[in-house]
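Reminder, nothing fancy here: chain letters follow the sequence lines and each chain counts from 1.
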There are 2 protein chains.
Amino acid sequence: MSQRRRPTQVDIARAAGVSQATVSLVISGGAASGQVAEHTRQAVLDAAAELGYTVNAAARSLRGGRNRLLGLYTFESVFPVDQRDFYFPFLLGVEEATAEFGYDLLLFSSVTSGERRIYSDGINRLKVADGCVLLGRHIDRAVLADLVHEDFPFVFVGRREVPGVELSYVAPDYVGATRDMVRRLTALGHRRFAYLRPADHQEPTRDREAGFRQGLAEAGLPDQPVHELPDDSPGADAELAALLAQWLADGVTALLVEPKEDDQAIVALERVAADAGVRIPEDLSVALLGDPTRSSAPGPVRDWTRFTLPREDMGRAAVGLLLELLDSDDGPRQLSVACAPVDGDSVGRPR
Amino acid sequence: MSQRRRPTQVDIARAAGVSQATVSLVISGGAASGQVAEHTRQAVLDAAAELGYTVNAAARSLRGGRNRLLGLYTFESVFPVDQRDFYFPFLLGVEEATAEFGYDLLLFSSVTSGERRIYSDGINRLKVADGCVLLGRHIDRAVLADLVHEDFPFVFVGRREVPGVELSYVAPDYVGATRDMVRRLTALGHRRFAYLRPADHQEPTRDREAGFRQGLAEAGLPDQPVHELPDDSPGADAELAALLAQWLADGVTALLVEPKEDDQAIVALERVAADAGVRIPEDLSVALLGDPTRSSAPGPVRDWTRFTLPREDMGRAAVGLLLELLDSDDGPRQLSVACAPVDGDSVGRPR
DNA sequence: GCACGGTGTTAATACGTATTAAGAACCGGT
DNA sequence: ACCGGTTCTTAATACGTATTAACACCGTGC
């Protein structure tokens, strides 16, 4: 492959008999390009095609122009190209909306020195793109603050807080959806609840819990116990069995569970309930506060009562919000997306 | 988005009492930076830290050339983000290898004026990336020739020929795999064959057919009939039933089928054989010359005897070849990838 | 004292693009 | 003929960085 110098706008200008500034007006196609006469415009395009011209993305970025590239970056260790990945539908929504808006999608998946990072040697790699959608549960909050400080346009998928800065994000309304789930359960007659959440305290977890407490307060019920999902250590089943026994002894008739991104905890819950002879929903109603992942356990899959977050729609909405940010001088924005209830069959009237 | 100006190397230079060139030497850390005195270097780093300096990647790229982006473009009308898409595994392989080599992957999926094209107003959009992997069965051969003429580095996935130019590609060895399949069937005792192929005459179809004829010649057998897969028009089943009847009357004991990208033809074949009371493989052995797609028909899925092409590996190999092209001045290259046999249960001894 | 080599810094420049104010040409009205 | 407005093009400049040859200074040897 010969390393021929690529043609620049100066080359096009010479070939078309105009100035480089005119070439730029035509090629960049902005509002000012309307000033250019049609015959001049055509001469420039002909010359560009003949010489095989294409824009130098770096030069355009340096000058503050746009490359019509939107980036996608995840803080998770695995890039979401596996269809079973929780984040895969977000990628589909992002890809679809990006294409529709006439942008190409840049997957920031490169690994250097065994790691994938936004900042490498102080250089923000994301700036190759005009803006970026960010995914992931376990974020680096310092990196987010850095992105805000350098005014790099991004939209995070999910609600996140970083002290001292305001972020743009598209987030499911977990507060409302969880409150509605409690409302539904109390309408069925449930008065005693238990609640299982992941051990970390990320914002989505805190939002669901806030919705839980709102739902209880609405129904005039006292605060009720919140527990952490056991991890997958050897004693986890025994721990869960003990919790289950305690709940039943306390008169708990409904359990709310925030699913993790794998289905291990839900599989364990079903196993422990079956071992204890507890039927779902006859003896204990169980509602999930989100979608379970595709089950990797053998056997029929339960149709859980839950709410579902529209992941593809959220990916699309993130792109829409990001493009709004690119087009305006306003500050960070937040968008809330409703979750949809799914009836399922894991909830019934209390015994 | 507030428009605060970010600190530049000129600002650092002023704060440290040195020139911008000295700042650049320190920050870029190349071989030449060893010339800078330690106390000067420290003053620069202190000033950079105090002012919150980060490198502008676009300016650095403009000065140096490459963006470390590899592109992916498909000539198919749908971008392969659906996991059932024939091309999805290629995308997975491309993404994985691209990340490993420290490049980010740019999906050229943008749609303008209702279309997705490489050349728009004569401008090659792919050139935002350093090079590009191309996919698709129904290609625009003129576009490929244009890419070659402008020395744009690309690798096509699959063997393709364009008059007057030589292309770089990674291709399955369909000739060898089909010849081996014929060899296997003749070893089982089959002497009379029928062959079904798609109606178009793309290179992969021609390669398989060449392998078929090689296998026959090896076994000292005369040429045998080649037919086109019926389309999905109303009379297609009748047409296929007539062919089946003719084959059986002629003593055909083995059928070779090149699968299309959908499974419609294979579903039809199974239906027609069952209607005619022809059992596979007892009455007629059937071997597929490639992978069938995931079946959309209800019921158990047959384990077809076939060869399989390693689509993810091919995606990876395409990236490897593309990076070789980027790093060398040599001309176009071709790489052949072996297909793996799958025993399946649709082939047996002739009656 | 002069010449040479080594060390350290910098002025100048280039990379390729986008923007803007200025200039030129043209047209219509008075 | 002159003036003002419109259309179109362009000279000049900026964006932020990396590179290179030139320069200044110092030390050493003759």
Side-chain angles (χ1 to χ4, degrees), chain A residues 3-44 47-48 51-69 121-125 127-128 130 150-152 326, chain B residues 3-44 47-48 51-67 123 127-128 130:
Chain A
Q3 301 295 326
R4 196 174 51 159
R5 189 184 70 95
R6 58 195 287 185
T8 66
Q9 287 185 1
V10 173
D11 300 320
I12 308 305
R14 197 179 298 121
V18 299
S19 70
Q20 178 268 323
T22 301
V23 173
S24 183
L25 288 176
V26 172
I27 298 289
S28 62
S33 70
Q35 300 173 18
V36 180
E38 179 58 31
H39 68 91
T40 303
R41 179 173 172 274
Q42 196 56 54
V44 168
L51 295 185
Y53 171 77
T54 188
V55 169
N56 182 313
R60 178 175 275 183
S61 287
L62 181 60
R63 196 57 183 81
R66 291 206 194 144
N67 290 316
R68 284 175 36 233
L69 297 182
D121 290 333
I123 305 174
N124 173 4
R125 175 66 181 160
K127 288 182 132 173
V128 181
D130 302 334
E150 63 176 325
D151 287 326
F152 180 73
L326 290 181
Chain B
Q3 302 295 326
R4 189 177 53 153
R5 193 181 72 93
R6 52 189 292 190
T8 66
Q9 287 184 1
V10 173
D11 301 318
I12 308 304
R14 197 179 299 120
V18 298
S19 70
Q20 178 267 326
T22 301
V23 174
S24 183
L25 288 175
V26 173
I27 299 288
S28 62
S33 71
Q35 301 174 18
V36 181
E38 179 59 30
H39 68 91
T40 303
R41 179 173 170 277
Q42 197 57 55
V44 168
L51 295 186
Y53 171 77
T54 59
V55 170
N56 182 314
R60 179 173 272 185
S61 289
L62 179 59
R63 197 63 178 84
R66 278 203 192 156
N67 291 316
I123 301 179
K127 283 186 151 181
V128 180
D130 301 336

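Scored by the side chain to side chain contact (heavy atoms under 4.5 Å, CB included) test, A:T40 finds A:V18, A:T22, A:V36, A:A37 as partners (sequence neighbours excluded). For B:R41, the salt bridge (Lys or Arg N to Asp or Glu O under 4.0 Å) partners are B:E38, not counting sequence neighbours.
A:T54 and A:R6 share no side-chain donor-acceptor pair at under 3.5 Å. Side-chain contact of A:N67 with A:S61: a donor-acceptor pair under 3.5 Å is present, judged by distance alone.
Tested against A:V23 for a side-chain contact (heavy atoms from CB on, under 4.5 Å), the candidates A:T8, A:V44, A:V10 yield a single pass: A:V44.
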Counting primed atoms plus P, OP1 and OP2 as sugar-phosphate and everything else as base, spell out the protein contacts along nucleotides 7-17 of chain C at 4.0 Å heavy-atom distance: B, S or - for each nucleotide, 5' to 3'.
-SBBB--BBBB

